Every structure is written in C-alpha cells, then in structure tokens.
Amino acid sequence: MHPQIEVGVLGATGMVGQHFVRFLEGHAWFKITWLGASDRSSGRKYRDATSWRLDGVMPASVADLAVEESKPGHAPKIVFSAMDASFATEIEQAFARAGHVVVSNSKNHRMEADVPLLVPEVNADHLRLIPIQQRKRGWTGQIATNPNCSTVVLTMALGPLKPFGIRRVVVTTLQAISGAGYPGVASMDINANVIPFIGGEEEKMQQEAQKILGDFAGDHIRPLDAKVSAHCNRVPVADGHTATISVEFSSKPGKDDLLEAFAGFRTLPQQRHLPSAPPQPVIYMQDVDRPQPRRDAARENGMACFVGRLRECPVFDYKFVALGHNTVRGAAGAAVLNAELMFTEGLLD
Ligand code: NAP
C-alpha cells in the first residue's frame, strides 16, 4: 500500500512552483491539494493565475484549484516552498510555527545552523537537526531545505569521495539559462556568449558544499574542513548545469578507488526505494566527450548526477566533470526527494 499524502505548494504560480506542479503530477505518495501565491493570484483558479512556461500543458489535476493566500490555515501539513526569496523567510517561518512541514527550495534558511540542508544520498543524518530546531524555536512544524542548483551537482559528485578525505576543491560551472528563472537572462546577453558572473552563486556553492559535506556533531553541523573555490558562469544551454571539478585529498587514492566509489555509491534513498530516488545516483560515463547537458541531463528522470573524464590533475590530485539537471535535481525533484526521505524518517506524521 502506498501512502496518500496531501501536499501544498507555496509560490505555486512561479517558475519553480510550476516545476513542483509538474514533478508531483502522478507522484506515488504525494497529491497536490493546495496552492499558495501572492495576493495578486489568490482567489483565482491556478490556470488563470499562472502563465504556464514549461513544456507540455498544465496538469489538469491542478488547473481548477483555487490559489490561496500564503497563510497557514487551510494548507495541508506538508508544503513545498518555491517562494520569492524576498518573502520566503517570514512566510515559511509562519507555516513552521503553525505546525507545517516546510520543504523549501528557497535560499533563505539554508545556512541557518538548525536547518538541514539536504542531499538525501549524501547527508540524510543532518535531519537530526529537526528536533533541535523545533526545541530551539518552539515550533511544532519544521523547515528543511535543498541546496542551490549548482551545489547539488558538486555535492553529489563529491559525496562518494568524502571517505578519501577531501582537502581542497576548485569548481568551475557552466550553468543553464533555465536556472535564472523567467524571463531570465536577456537573449542579447546570452546568445552565443558566456556570462562569467551569477550574483551570489559562488559564495552559495562554497558555503553550502561545506555544510552538506559536513558531519552532524551532536547538536550542530561541523562543516567539512576543506577549502572550496567556485567560478560560476552562465552559458547558452537550456537545461543542465555542468561543473568541472579539481580535488585534492588528504592522501591521494588510486584512480580505480575513485571509480569504484562513484559506481558503488548507494545510500538511504536507494536502500529505501524512495519514489524519486535514482537507482544509481552517480553515473560514471566512459566516453571522453560525456556527460553533455543536452544528451544526459534529463536521463534518470533528471535525478542523477553524471560524471566523466576522471584524470590526474597536475595541480591537485584529480579532475573530472559532473552534470545535473538544474530544475529537477537542482530544485523541485530535490525537495520532493527530501520529503520522501522525511516521510520514511517519520517526520511527516
Ligand atoms: P518566480 O517565478 O518569481 O515566482 C515567485 C513565486 O512567489 C510566485 O508564485 C509568486 O506569486 C510568489 N510570491 C511573490 N510575492 C509573494 C508574496 N508577497 N507572498 C506570497 N507569494 C509571493 O520565482 P522562481 O524563479 O520560481 O523562484 C522561486 C524561489 O526559488 C526563489 O527563492 C529562488 O531563489 C529559488 N530558486 C529558483 C530557481 C530557478 O531556476 N528559477 C532555481 C533555484 C532556486 P505570484 O505569481 O502571485 O506573484
């Protein structure tokens, strides 16, 4: 028997909200019964309040739902949040205070000490922050977050390598246009061009990676004791963030050790057969010219991280390339997988 759990989406009319709506369509456990947005949209049917920007048509199951104000009261216990960052702090907190489980894609709470920043394959044990968060804040609900869309690619690729003692990382990203939302980057800027700046992205990647790859230390997360340096670039790719990564370890492993670590990486989401978990979260591609965003990002339902071109680095120990789907594994799919993990941990009861 599958559970049938009602869920809501905050920020449902926006770009990420639409990705939630599409990703949750036909989900094995979760069913959208509530949609929240701003006063501009509340009271209108979802089909009227939303400019549907994704491929295909708006799912019929939500088209006639009335969009509500983003206030706790009528929403189901579990709400996914794709809120505009300028309003997410107060609204997500109001929901958590009122007893809701907020599974957020917004950046607002990611780096707070008592908020899990989850990549379920890598740091499921960080959910142990939830009782600490509830005690400290006096909440009956809770907030858990997923990382920035480029950080998720980096941390999924580094997760299997953590046992080798990661010391220093340099990562350069080639990030898809869809990561900038709608209308995103002006076509005059991005056509046949590279923009070597994405506001706040490098700082987010550096700090979030250290938290995600850090250890739960009784009542807090001890960040990974490694230096991480990120260069972030916007490139004319539709979907899929590529990251080229150089890494130094405390003691240099063999290349075969790394390949085995990628290939054998299976953790709680796979062991528990969570509905959105890719059977193999990190897939090493042997072809010298893969992975590529257009050919690979959407494989495995957009939930896997593809790596390739592992080779010795004359500066650090090794270098390789990694790729992930930014709007799926980097946004809606990431939050849904978090909620599936939280359900199996008994946190949605
Ligand atoms: P967006 O398209 O501008 O959508 C924002 C959503 O927030 C809309 O549903 C909007 O509702 C709602 N909203 C705005 N003001 C509100 C208010 N005062 N009260 C309640 N709801 C309000 O933004 P987005 O690109 O989807 O991004 C959403 C969040 O995800 C942001 O925190 C962003 O940083 C994060 N994120 C985005 C991407 C991406 O690829 N775009 C990737 C990763 C993370 P109305 O339609 O009614 O105005």
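Just so it is clear, the structure is predicted and the values come from calculations on it, not from any experiment. Note that ligands are numbered from 1 as they come in the structure, with each ligand's atoms numbered from 1 the same way.
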For [atom], which protein heavy atom lies nearest, and how many Å away is it?
atom: atom 19 (N) of ligand 1; value: Ile91 CD1, 3.6 Å
atom: atom 28 (C) of ligand 1; value: Ala82 O, 3.2 Å
atom: atom 25 (O) of ligand 1; value: Met15 CB, 3.9 Å
atom: atom 32 (O) of ligand 1; value: Met83 O, 2.8 Å
atom: atom 34 (O) of ligand 1; value: Ala85 CB, 4.5 Å
atom: atom 48 (O) of ligand 1; value: Arg40 NH2, 2.7 Å
atom: atom 38 (C) of ligand 1; value: Val16 CG2, 3.5 Å
atom: atom 12 (C) of ligand 1; value: Gly11 CA, 4.2 Å

Exercise for the section: Within a distance under 4.0 Å of any heavy atom of Ser106, pick out the atoms of ligand 1 and give their elements. Expected result: 32 (O)
Practice task
Provide the number and element of each atom of ligand 1 under 4.0 Å from a heavy atom of Gly14.
Solution key: 1 (P), 2 (O), 4 (O), 8 (C), 9 (O), 26 (O)
Minimum heavy-atom distance between [X] and [Y], given as atom pair plus value:
X: Thr155; Y: Ala209; value: CG2-CA, 3.8 Å
X: Met303; Y: Phe23; value: SD-CZ, 4.0 Å
X: Gly218; Y: Ile132; value: O-CD1, 4.0 Å

Side-chain H-bond candidate by donor/acceptor type, [X] with [Y], under 3.5 Å:
X: His325; Y: Glu300; result: no
X: Glu121; Y: Gln270; result: yes
X: Trp34; Y: Glu68; result: yes

Measuring from [atom], which candidate in [options] has the nearest non-hydrogen atom?
atom: atom 16 (C) of ligand 1; options: Ser86, Ala334, Ser38; value: Ser38
atom: atom 11 (O) of ligand 1; options: Asn146, Thr13, Thr327, Leu10; value: Thr13
atom: atom 44 (C) of ligand 1; options: Val9, Asn148, Thr50, Asn105; value: Asn105

Exercise for the section: Using the ring of Phe320 (Phe, Tyr or Trp, six-membered ring only), decide whether Arg309 places NZ or CZ under 6.0 Å from its centre and within 45 degrees of its axis. Expected result: no
Exercise for the section: Identify whether NZ of Lys or CZ of Arg in Lys252 sits under 6.0 Å from the centre of the six-membered ring of Tyr318 and within 45° of that ring's axis. Expected result: yes
Exercise for the section: List the steps and the verdict of salt bridge (Lys or Arg N to Asp or Glu O under 4.0 Å) for Glu345 and Arg272. Expected result: CA-CA 11 Å; Glu345 290 288 310; Arg272 293 182 181 173; 2.6 Å; yes
Fill in the blank from the handout: Only residue of Gln134, Arg137, Gln133 satisfying side chain to side chain donor-acceptor pair (under 3.5 Å) with Asp114 is Arg137
How about [atom]: does it have a protein heavy atom within less than 4.0 Å?
atom: atom 8 (C) of ligand 1; answer: yes
atom: atom 3 (O) of ligand 1; answer: no
atom: atom 23 (O) of ligand 1; answer: no

Problem - Lys/Arg N to Asp/Glu carboxylate O, Asp215 vs Lys162, below 4.0 Å - result: yes
Exercise for the section: Looking only at distances, please establish whether an N/O atom of ligand 1 is found under 3.5 Å from an N/O atom of Asp84. Expected result: yes
Practice task
Examine Ser41 against ligand 1 and note whether any of their N/O atoms are separated by less than 3.5 Å.
Solution key: yes
[X] and ligand 1 - part of the residue with a heavy-atom distance under 4.0 Å:
X: Ser178; answer: backbone
X: Asp39; answer: neither
X: Ala37; answer: both
X: Ala12; answer: backbone

Exercise for the section: Let me see the working for Arg234 and Ile190 under side-chain contact (heavy atoms from CB on, under 4.5 Å), right down to the final yes or no. Expected result: CA-CA 8 Å; Arg234 188 77 67 197; Ile190 197 66; 3.7 Å; yes
Handout entry: Close approach of Tyr182 to ligand 1, heavy atoms, under 4.0 angstrom
Key = no
